[in-house]
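These notes concern the structure reproduced below.
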Amino acid sequence: MSGYLLRRVGLMLLTLFGISIIIFVLLRLVPGNMVDILFDSAGMVDPAEKTRIAAELGLDKSIPEQYLVWMNGLVHGDLGYSYVSEKPTIEEILPRIPVTGRLALSAIGFAVLLGVPFGVISAVRQNSGVDYGLRVLSLAGLSIPSFWLGLMVLMAFSALTGRLPVYTEAPATVLDAVLLVAVPAMTVGFRSSALIMRLTRSAMLEVLRQDYVRTARAKGAGAGRVNFHHALRNALLPVITVIGLETAFLIGGLIVTETVFNIPGLARFLVESIRNRDYPIVQNLVMLTAFIVVSINFAVDLLYAALDPRIRLGA
Amino acid sequence: MPRSIRASGWGHSMAETYGRELRRAGADANSPVRRLVLLLRRYPLGAAGAFILTVFVLAAIFADAITWLDPLRTNAPEKLMVPGGKHWFGSDVMGRDIYSRIVFGARISLAVSLGATTLGSVLGVAVGLASGYLGGTFDLCVQRVMDVLQALPLLVLALVTSAALGPSLTNTVIAIAIPMIPASARVIRSNTLALREAAFIEAAQVQGMSEWRIAIRHILPNTVAPLIVLATAQLGSAILTEASLSFLGLGIPEPAPSWGRMLSESAAEYMRTAPWLVIFPGAAISLMVFGTNLLGDALRDILDPRQRG
C-alpha cells in the first residue's frame, strides 16, 4: 500500500511538472511582448524606461531562467506579482477561492441530489415512458451549453421577479444570499447531474441483474429496500469515479457561468487574466487547477479502494 | 457497413441480430432499404440525431441559397427588429439578420468541430498506435505526456492554447484538437495492446510482414469501431468548446457569425429588451449538440455491444 502511495504521489508530481512546462512555454508563445503591451496601454515611449520595466518584471532573462525563477518562487510560496494590479499574486488568488469553492460544492451537491435518484428511477422503470423521458432530458442536459442555460435562467428570473440575481458582496436578505449561490450552482450542476444520472442508470441496470439482488427479492425484501439498500450501494462505485472525473468538466462550466453571473471567483479571474496577458496570474491559476484535478483523481482512487473491499491498491 | 467495421468483430453481433430479426420478419435480408427501415425502427433516437445533423449540414452547405440577407451586412435603420417578416429570427444591434447569421454560423460550428475532431483523432491514432505497438520506454514517456494533457480541463487548455496562438479559425481548431488527443490515443493504445497478442497478428508476423505494415493493415482497421464511437462523443464537446471559447472572446474573431460570439456580444446588454438575440444562437448550439449526442448513443449501441446500457 505505501509503495503504491509513493508511486502515485511521484506520478502526480511528474504530471504537475509537465504541466508547468507546457503552460510556461505556451504563455511565452503569445504574440506581442508584455512590456510593449504595458507601454502601449500607458502611452509611454521612453526606451530606457522600457528596459527598466522589462528588467523589473524579469522579462529580460531567457525563458529557461524565467522558468527557474517561477519554480523557485512556487517552492518558497512566492507567486510573483500581477502585471495588472501590481499586487502579489497570492493576494489576488486567495480571496477568490471561497467564492468559487462554494459555487463548485453547491453545484456538485445539486448534481448528486438530482442525478442519483433519477438514475435509480430510470433503471428500475427501464424502457417505460418515465425512463425514456428522463433519458432524453439527461441528453438535453449534456447538450445545452452552461452559459446559455445561465442566460436563459437570468432571463426567466428577471421576467418573473423583475430583477436580476446579480452578485453582491453583502446580500440584503437570507433568500438573496441563497439564490445568489443556488441559481448559478444549478446552472453549472445541471450538466453534471445529467452525466451522473446516465451512469447511475447503467450501473443500476447491471447490479439489478445480479444473483444477490434476486436472492434479496426471493427472501421477501421490499422493492425500496432491494433498490436502495442492496442495489444502489453497489451501483454507486462507478458513479463516485465519474463524480471525480466530472471536476474537470465542472471547472469548464464554472469558467463560463462565473462570467455570465458576474461572480468574482477564480474561474472568471482566469479568463480576465488570459485576456490581459497577466502571466503570473494565469500560470499560477492553471497550476492550481491542475493540482486540484490531479488531487481529486488521487482521492477518488483511494476512496474507491476504501469502499470496495475487492480492490487492493498496489497488490 | 464499411468492410473494416465488419472485419473488426465489433459488428458481428449486430449482423447476427439483424439477420435473425429479418428472417423472422420474412424479409429479404439483403435489401438495403429494409435494413435501413429496421435500423430506424430499432434506434428512433439515433435516427432523430442523424436527421438533426443532416439538416445542419445541408444548411451549412446551401447557406447562400436558403438565406436572402448578407450575415455580415450592417443596417442601422433595421436594428433590434422583432422576429417576423423579413427577419425571421429578428435582427441584432447593428441591424444584421439573425437568421442568416445562424445559418452561416452552422458552417463555422461544423468546420471547427469536424476539423478539431478529425485532427485530434488522427494525432491520437498515430500516438496510440505507436505507443501500444512499440511499448517500452517510448510508451511510458508518451503515457506521461497524455497524463499531463488530461490533468487540465478541456476548456482551460483550449483557452490558454487559443490565447497563445491568437484568435483565428485555424487556431481555434488546433486549440480544441490538442486536448482531445489523449482520449483517442488511450482507446487506440489499449486496443492495440489487446490485438498484439491475437493469433492473426502472430500469423502475420510469422509470414514475415513488417511491423509497420501489421500496425497499419491489421491493427488499425480493427480499432475503427471504438474510434467512431469516441469521435462522435468528441464532436459534441468540440461544438460546445468552440461556442464557449467564442463566447469568452477567445475563439472565432469578429465579424464571422459564430454562435458563441453572437451570445457574448449582445446577450447581457439586450437580454431584457431583445431576448431573441439570446434564444436563437443558444438553441442552435444546443440542438446541434443534442443531435450528435443522440447519434453518438445509437452508434455506441450498434458498434460497441459491450457498453449497451
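Proteins come first, then strands; the chains are lettered A, B, ... in the order of their sequence lines, and each starts at number 1.
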When the 4.5 angstrom heavy-atom criterion is applied to B/Pro167 and chain A, the contacting part is neither
Give me the atom names and distance for the closest heavy-atom approach of B/Ser286 to A/Ile144. OG-CA, 3.7 Å
Please determine, among B/Pro275, B/Gly236, B/Gly249, the option with the most heavy-atom pairs under 4.5 Å with chain A. B/Pro275
Intermediate values then yes/no, side-chain contact (heavy atoms from CB on, under 4.5 Å), A/Phe147 and B/Leu240: CA-CA 10 Å; A/Phe147 56 92; B/Leu240 284 176; over 6 Å; no
In chain order, what residues pass the side-chain contact (heavy atoms from CB on, under 4.5 Å) check against B/Gln143, with sequence neighbours excluded? B/Ser131, B/Asp139, B/Arg186, B/Arg189
Give, as side chain, backbone, both or neither, the part of B/Ala283 having an atom under 4.5 angstrom from any heavy atom of chain A. both
So how far is it from A/Ile22 CD1 to B/Ile178 CD1, rounded to the nearest 0.5 Å? 9.0 Å
Relative to chain A, which of B/Ala158, B/Ala243, B/Ser162 shows the most heavy atom pairs under 4.5 Å? B/Ala243
Tell me which of these, B/Thr161, B/Asp297, B/Ile285, has more heavy-atom pairs under 4.5 Å with chain A than the rest. B/Asp297
Residue pair A/Leu26 / B/Ala164: nearest heavy atoms and the distance that separates them: O-CB, 3.1 Å
Is chain B contacted by the side chain of A/Ile292, its backbone, both, or neither, given a heavy-atom distance below 4.5 Å? neither
Check whether more than 12 heavy atoms from other residues, nucleotides or ligands sit under 6.0 Å from atom CZ of A/Phe291, and answer yes or no. no
For A/Glu206, is the CD atom crowded, meaning more than 12 foreign heavy atoms sit under 6.0 Å from it? no
Kindly give the heavy-atom pair with the smallest separation between A/Ile19 and B/Ala151, and that separation in Å. CD1-CB, 3.5 Å
Side chain, backbone, both or neither of A/Ile21 within contact of chain B (heavy atoms, under 4.5 Å): neither
Is it the side chain or the backbone of A/Tyr132 that comes within 4.5 Å of chain B heavy atoms, both, or neither? side chain
Given a strict heavy-atom distance threshold of 4.5 Å, which part of A/Val294 is in contact with chain B: side chain, backbone, both, or neither? side chain
For B/Ile239, is it the side chain, the backbone, both or neither that has a heavy atom under 4.5 Å from a heavy atom of chain A? neither
Tell me every residue that passes side chain to side chain donor-acceptor pair (under 3.5 Å) with B/Arg144, counting only those two or more places apart in sequence or in another chain. B/Asp147
Residue among B/Gly282, B/Pro281, B/Ser237 with most heavy-atom pairs under 4.5 Å to chain A: B/Gly282
A/Phe118 atom CZ, over 12 foreign heavy atoms within 6.0 Å: no
Could you point out which residue of B/Val156, B/Val160, B/Leu248 forms a side chain to side chain contact (heavy atoms under 4.5 Å, CB included) with A/Ile274? B/Val160
Region of A/Leu285 that comes under 4.5 Å of a non-hydrogen atom in chain B: neither
Heavy-atom side-chain proximity of A/Met287 to B/Leu152 below 4.5 angstrom: no
Contact origin within B/Leu287 toward chain A - heavy atom pairs under 4.5 Å: neither
Report the distance from atom CZ of B/Phe247 to atom CD1 of A/Ile255, rounding to the nearest 0.5 Å. 12.0 Å
Counting only heavy atoms closer than 4.5 Å, note whether A/Ile251 contacts chain B via side chain, backbone, both or neither. side chain
Tell me, side chain or backbone of A/Leu142 under 4.5 Å from chain B's heavy atoms, or both, or neither? both
Closest approach of B/Ser244 and A/Val256, non-hydrogen atoms and distance? CB-CG1, 4.1 Å
So which atom in B/Ile279 and which in A/Trp148 form the shortest heavy-atom distance, rounded to 0.1 Å? O-CZ2, 3.4 Å
